[in-house]
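I'd like to ask some things about the structure below.
Along the sequence shown, the residues carry numbers beginning at 1.
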Amino acid sequence: MKVQPYQAKLDQLTPRERQTYFELVRLAAPEEMIHPEYQVLIPKGACIISYRQLEKYLDLTRSTIRRALVRLADRDFIELTHLGQLKGKDGLHYRTMVKIKRYEPLPAHTEVSDQEPSPVEGLIKLECDHLTQRFDSLQTYLAQNRTRLTPTERAQLDRIIAAYQAALNVVDGNKESFRR
C-alpha cells in the first residue's frame, strides 16, 4: 500500500502532536465566519483558542501544548496568529488563531460506516501502528544485542518491551469500546 505524502507526514507526529492536531481539526470553523464572542473574522479551517482552553481539552500542560503547536507550525500543518489578550466568557486571556493548512471539514456525525473510519478510529489505528513499530524495533534490538547486554540492561529492556505490549493490548483491545 502506497502511503500518501500527507499521511506520511501525519505518521511522523508524536502522539501528543497528533492529539493536538486532531483536536484543532475538530475545533476548526467549517466555513469562514465572524466569531460570535470576539467579533473577529475566522477563515475556514481556523479556530481562536487560549492555551488554558487547550489545556482543558487535551489534559496536557501548557508547555507541552506550546511545543506541540510550534512543531506543528514548523512542519507546515498549522499557521499560528497571536491575537493578544481577548476577553471571553472565561475571562481575559491571551488567545491564538490556529489555521489548519490542509483543512477538510469533518462530515456531520450520523452513522459510522464500515468503509470510512471516524477520527477516533483513525487515531487508534495511528497509535496501534506506532506502538507496534516501537514494540517490534525493541524486540529486534533485544534479539540482536542479547549477548552484549548486562543482566540489568536486559531486565530494563524486558520491562520496556512489556510496557509497550501492555499499551498495545489496551489500545488495540479497546477498539470496540471506542466505537460505541
Side-chain angles (χ1 to χ4, degrees), residues 1-33 35 37-38 40-86 88 90-107 117-138 140-141 160-161 163-168 170-172 174-175 178:
M1 182 171 100
K2 185 176 180 182
V3 177
Q4 299 298 324
Y6 191 71
Q7 183 63 44
K9 284 175 62 177
L10 276 174
D11 291 343
Q12 292 174 359
L13 295 176
T14 66
R16 287 185 177 128
E17 291 167 351
R18 223 174 296 136
Q19 178 187 9
T20 303
Y21 178 73
F22 285 112
E23 184 65 21
L24 292 170
V25 169
R26 185 186 73 78
L27 294 170
E31 57 190 35
E32 188 173 292
M33 61 185 268
H35 193 285
E37 194 172 353
Y38 310 120
V40 174
L41 179 67
I42 303 174
K44 177 181 176 182
C47 65
I48 296 176
I49 195 150
S50 68
Y51 288 120
R52 178 181 295 240
Q53 289 170 308
L54 276 175
E55 187 177 30
K56 287 179 185 173
Y57 291 142
L58 298 170
D59 196 29
L60 298 172
T61 64
R62 287 184 206 183
S63 60
T64 301
I65 292 167
R66 195 172 301 117
R67 273 193 308 274
L69 290 174
V70 167
R71 288 180 186 150
L72 288 169
D74 289 346
R75 292 180 179 171
D76 212 29
F77 282 100
I78 62 172
E79 186 178 302
L80 297 172
T81 306
H82 301 290
L83 302 175
Q85 290 192 342
L86 292 175
D90 61 342
L92 185 64
H93 293 289
Y94 188 82
R95 310 214 190 254
T96 302
M97 183 183 305
V98 180
K99 176 154 181 14
I100 307 297
K101 292 227 177 158
R102 210 175 137 174
Y103 176 74
E104 294 175 24
L106 296 172
S118 74
V120 172
E121 289 173 328
L123 275 174
I124 292 169
K125 183 185 179 323
L126 285 172
E127 288 306 317
C128 283
D129 292 348
H130 170 76
L131 289 169
T132 302
Q133 180 184 8
R134 289 293 297 147
F135 178 74
D136 292 344
S137 66
L138 285 168
T140 302
Y141 177 80
I160 292 170
I161 290 171
Y164 270 96
Q165 180 64 52
L168 188 56
V170 168
V171 173
D172 198 31
N174 285 330
K175 281 184 183 176
F178 285 119

Greater than 12 external heavy atoms within 6.0 Å of Y141's OH: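 No, OH of Y141 has 12 or fewer neighbouring heavy atoms, counting only those of other groups under 6.0 Å.
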Spacing of T20 atom OG1 and L60 atom CG [to the nearest 0.5 Å]: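 So the gap between those two atoms works out to 5.5 Å.
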Check against side chain to side chain contact (heavy atoms under 4.5 Å, CB included), R75 and E17: CA-CA 11 Å; R75 292 180 179 171; E17 291 167 351; 2.8 Å; yes
Separation between CZ of R95 and CD of E37, rounded to the nearest 0.5 Å: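 The distance works out to 6.5 Å.
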Option passing side-chain contact (heavy atoms from CB on, under 4.5 Å) with L69 (candidates T96, L24, T64):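 Among T96, L24, T64, the one meeting side-chain contact (heavy atoms from CB on, under 4.5 Å) with L69 is L24.
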For A28 against I100, the heavy-atom pair lying closest together: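 Minimum heavy-atom contact is CB-CG1, 4.3 Å.
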Distance in Å, I78 CD1 paired with K101 NZ, rounded so as to fall on 0.5 Å steps: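 It comes to 9.0 Å.
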T81 and K99, any side-chain heavy atoms less than 4.5 Å apart: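 Of all side-chain heavy-atom pairs linking T81 with K99, none is under 4.5 Å.
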Side chains of Q53 and H93 in contact at under 4.5 Å (non-hydrogen atoms):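 Of all side-chain heavy-atom pairs linking H93 with Q53, none is under 4.5 Å.
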D74 CG: over 12 foreign heavy atoms closer than 6.0 Å: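 Result for CG/D74: enclosed.
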Side-chain touch L126/F22, heavy atoms, less than 4.5 angstrom: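 With C-beta onward as the side chain, the pair touches.
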Nearest-0.5 Å distance that lies between atom OG in S50 and atom CD in Q85: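 Reported to 0.5 Å precision, the distance equals 11.0 Å.
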With C47, the side-chain contact (heavy atoms from CB on, under 4.5 Å) member among L27, I42, L54: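 Only match with C47 under side-chain contact (heavy atoms from CB on, under 4.5 Å): L27.
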Residue pair R62 / R52, side-chain heavy-atom distance below 4.5 Å: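 A side-chain contact under 4.5 Å exists here.
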Nearest non-hydrogen partners of R102 and Y21, listed with the distance: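 Nearest heavy atoms, R102 then Y21: O-OH, 4.3 Å.
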Non-hydrogen side-chain atoms of Q19 and E23 separated by less than 4.5 Å: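 No, side chains not in contact.
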Spacing of CZ belonging to F135 relative to CD1 belonging to I160, to within rounding of 0.5 Å: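 One finds 12.5 Å between CZ of F135 and CD1 of I160.
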Side chain proximity check, Y38 to L83, heavy atoms < 4.5 angstrom: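 The answer is no; the side chains never approach within 4.5 Å.
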Reported OG1-to-NE2 distance for the pair T14 and H130, which is rounded to 0.5 angstrom: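 Rounded to the nearest 0.5 Å, the OG1-NE2 separation comes out at 8.5 Å.
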